Amino acid sequence: ELFRAGSVVIRIDLLSLLPGRSPRVKRVHIRDAHADLVIAEDGTPNYLVVEPAERTDATSIGGEDRAPYRVDLQHYSVEGLNLAFENRRTGLSLLAQGVRHGGDGRITGTVVELGTRTRIESLSSNMGEITLLQGVTAEAEADISFDSDDGTLRFSTNRIALNEMLMEGRGTMRTLGDTLEMDLGFAAPRQGFKALLSVVPSFARDDFGQLEAEGTVQMEGTVEGRSVAGSQDLPGFQLNAVVSDGRIHYPDAPTDLSDIGLSLTAAHPDGAPLDAATLEVIDLRATLDQGGLQGAVSVTNPVTDPAVSLEALADLDLGKLASALALEGTTLTGTLEGDVRLEGRRSDFEARRIEGTTAEGSFSLQDVLVTREAWDQDVRVSSLAAVVTPLRLTLSDLDLQVGASDLSGRGYLQDVVPHLLGDADLGGEFTLRSGFMDLTELQGWIKEASGDTATADEPTPVVIPQDLALRLDVGVDTL
C-alpha cells in the first residue's frame, strides 16, 4: 500500500473562480496518513505511478500569449503522518512517525513556491544493521520553489533541528533529461558538543538531560555536479567535521571522558565513480583518567583496491570507560592495551607483497568481565594477547570462560587485512583446550548475544562462513 489517509479536507474560495480572478485555495488538510515508499533492488521506485506529462507552455493557450496562470494556496497541512522509506539497493531505511507538516504558497505559471514548516516526533534511520538515528525529534523550516519550465528546484532559508543539533541548508537541483544537476550545501554552525551527542543513539537516552558535556562541534558540506541515469559517475561532494575540547560526564560517574577530539574530511570529485572518494580522519582522541585512545585513518580507492593507512593507540580501563559512558544494563571490567599500525593496498596484502605493506603492533585484554542483563551467562577473558604482522594475526595466551564453560589456546589467523578490506578467505590454525563445556548453555548465550528471538526449544543452526578455512585441534575433558 503506497498511501492512505484517514481524512482529506479541501476548501476553495468559490468567488475566486470567477473570470479575471486568481483561484484561491483556503485550506488543504490531510489527517492520519501513512505512506510506504520503496526503491526496489533494480532501482525502481514504487511511488512513480504515473508517466511524466509532456511539457507545455503555461503562458500560451490556444496560440495566444496570456498572463501567467496563478493559484494561491493560503494554507495546507498534514497531521499524524507516518512515513516509511526503504532503499533495498543500498540498505538505507527511514521511519518518520508523528509528522506534522504545513505551509502556504502559490502557483504562478510554471513556478510553484512554498513556505514550509515540519515537525517529526520520532525519526529513525538505519543503514543495514547500523543504526544512524533512533527516535530523534526533528523540526525544519524551508522555503522551496520549483520551476517546471526548466526543471529547477530551489531550497532557501532552510533551518533544521535534530534534537539539539542545528543545521542550515541551501541549494538547487535541476533536471535535464536523464541528468540531475546539483548545487547543495549544508552547515552545522559552531555549537556545543552536547548538541551532536543528542543525535547519537548510544547517548540519546532517557537520562540525556543529566549528561554534562563541554566542547564544540562544527560541520559543513557540499554536493556539486551532475548525476546521470545509468552512469557510475557521481557528483562531487565534500564533508568536513571538527570536534574540539570535548568532555563527557555523568553525575554518578567517578571519572569522565575528556580531551575528546575529531577532525574528519570526506571528498569526491565531480564526474567520477565512487572509487575516487577519499576519507581521512586526521585526529581521533579521548582521555580517560591516566589512559585513553588516539588514532588516525585514511582510505582511498575504496571500491576497486582500498588503500588504508591506520594508526591506533589505546590504554583503557574498561570499567572506568563503562562508568564514564553510563552503559545501561552492562557491567564491564578489565583493561585493553594496544598499539597497531597498518598501511598498504588490499592487492598487496592479498598477494603477500610484504615490501609494499606495513602491519605491526600488538593488543591485549586482561581480566575482562562482561555482564549484561539480557545474558544468563557472564563472559570472562582472563587474558588474550595478539601480535599483528603483514601476513598473520597471532593469538596467544587465550583464557576465556562463558558461564561454566572454559576455553584456552593459541593460534593464528591468516590474511586478516585483505579479508576485512575485501572478500579474501580467512585462514588459520588453532589449538584449543577445555576442561568443561556445556553446549546447551553456550547455545543459549549465542542466541542472547546475537539477538536471536527463537525459543529455547528451537534449534539454533551453526553457520560456517564459506570464506573461513580454519584448521582446529580441539580437546575437551568433559562435554
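All residue numbers in this chain count up from 1 along the given sequence. Fair warning: this is a prediction, and the values are worked out from it, not measured in the lab.
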Inset, instruction - Examine the side chains of Asp72 and Ser22 and answer whether a donor and an acceptor come within less than 3.5 Å of each other. - result: no

Legend entry - Donor-acceptor side-chain pairing of Arg346 and Asn301 below 3.5 angstrom: no

Legend entry - Pair Asp183, Thr172: side-chain N/O donor-acceptor within cut-off below 3.5 Å: no

Inset, instruction - Quick one: list whatever passes side chain to side chain donor-acceptor pair (under 3.5 Å) with Glu141, sequence neighbours left out. - result: Arg159

Inset, instruction - Compute whether any side-chain donor of one residue and acceptor of the other, for Ser347 and Asp305, lie under 3.5 angstrom apart. - result: yes

Legend entry - Parallel, tilted or perpendicular, as decided by the 30° and 60° cut-offs, for the rings of Trp375 and Trp445: perpendicular

Inset, instruction - Tell me, with the steps shown, if Leu2 and Asn46 meet side-chain contact (heavy atoms from CB on, under 4.5 Å). - result: CA-CA 7 Å; Leu2 176 61; Asn46 72 332; 3.6 Å; yes

Inset, instruction - For residues 95-115, pull every pair meeting ring-ring contact (aromatic ring centres under 6.0 Å, His included), keeping only residues two or more places apart or in separate chains. - result: Tyr76-His101

Inset, instruction - List the steps, then state whether salt bridge (charged side-chain N to carboxylate O under 4.0 Å, His left out) holds for Glu79 with Arg31. - result: CA-CA 5 Å; Glu79 184 177 353; Arg31 186 180 181 89; 3.2 Å; yes

Legend entry - Ion pair check, Arg170 and Glu168, cut-off under 4.0 Å: no

Inset, instruction - Answer yes or no: is there a donor N or O on one side and an acceptor on the other, between the side chain of Thr175 and the main chain of Leu180, under 3.5 Å? - result: no

Legend entry - Stepwise salt bridge (charged side-chain N to carboxylate O under 4.0 Å, His left out) test for Glu350 and Arg352: CA-CA 5 Å; Glu350 288 177 339; Arg352 301 180 182 176; over 6 Å; no

Legend entry - Single hit among Asn163, Leu95, Val199, Leu94 for side chain to side chain contact (heavy atoms under 4.5 Å, CB included) with Leu133: Val199

Legend entry - His419: ring pair (Phe, Tyr, Trp, His ring centres under 6.0 Å) partners, not counting sequence neighbours: none

Inset, instruction - In plain terms, say whether Glu139 and Arg119 are close enough for a salt bridge, that is, a side-chain N and a carboxylate O under 4.0 Å apart. - result: yes

Legend entry - Electrostatic pair Asp256-Arg247, nearest N-O below 4.0 angstrom: yes

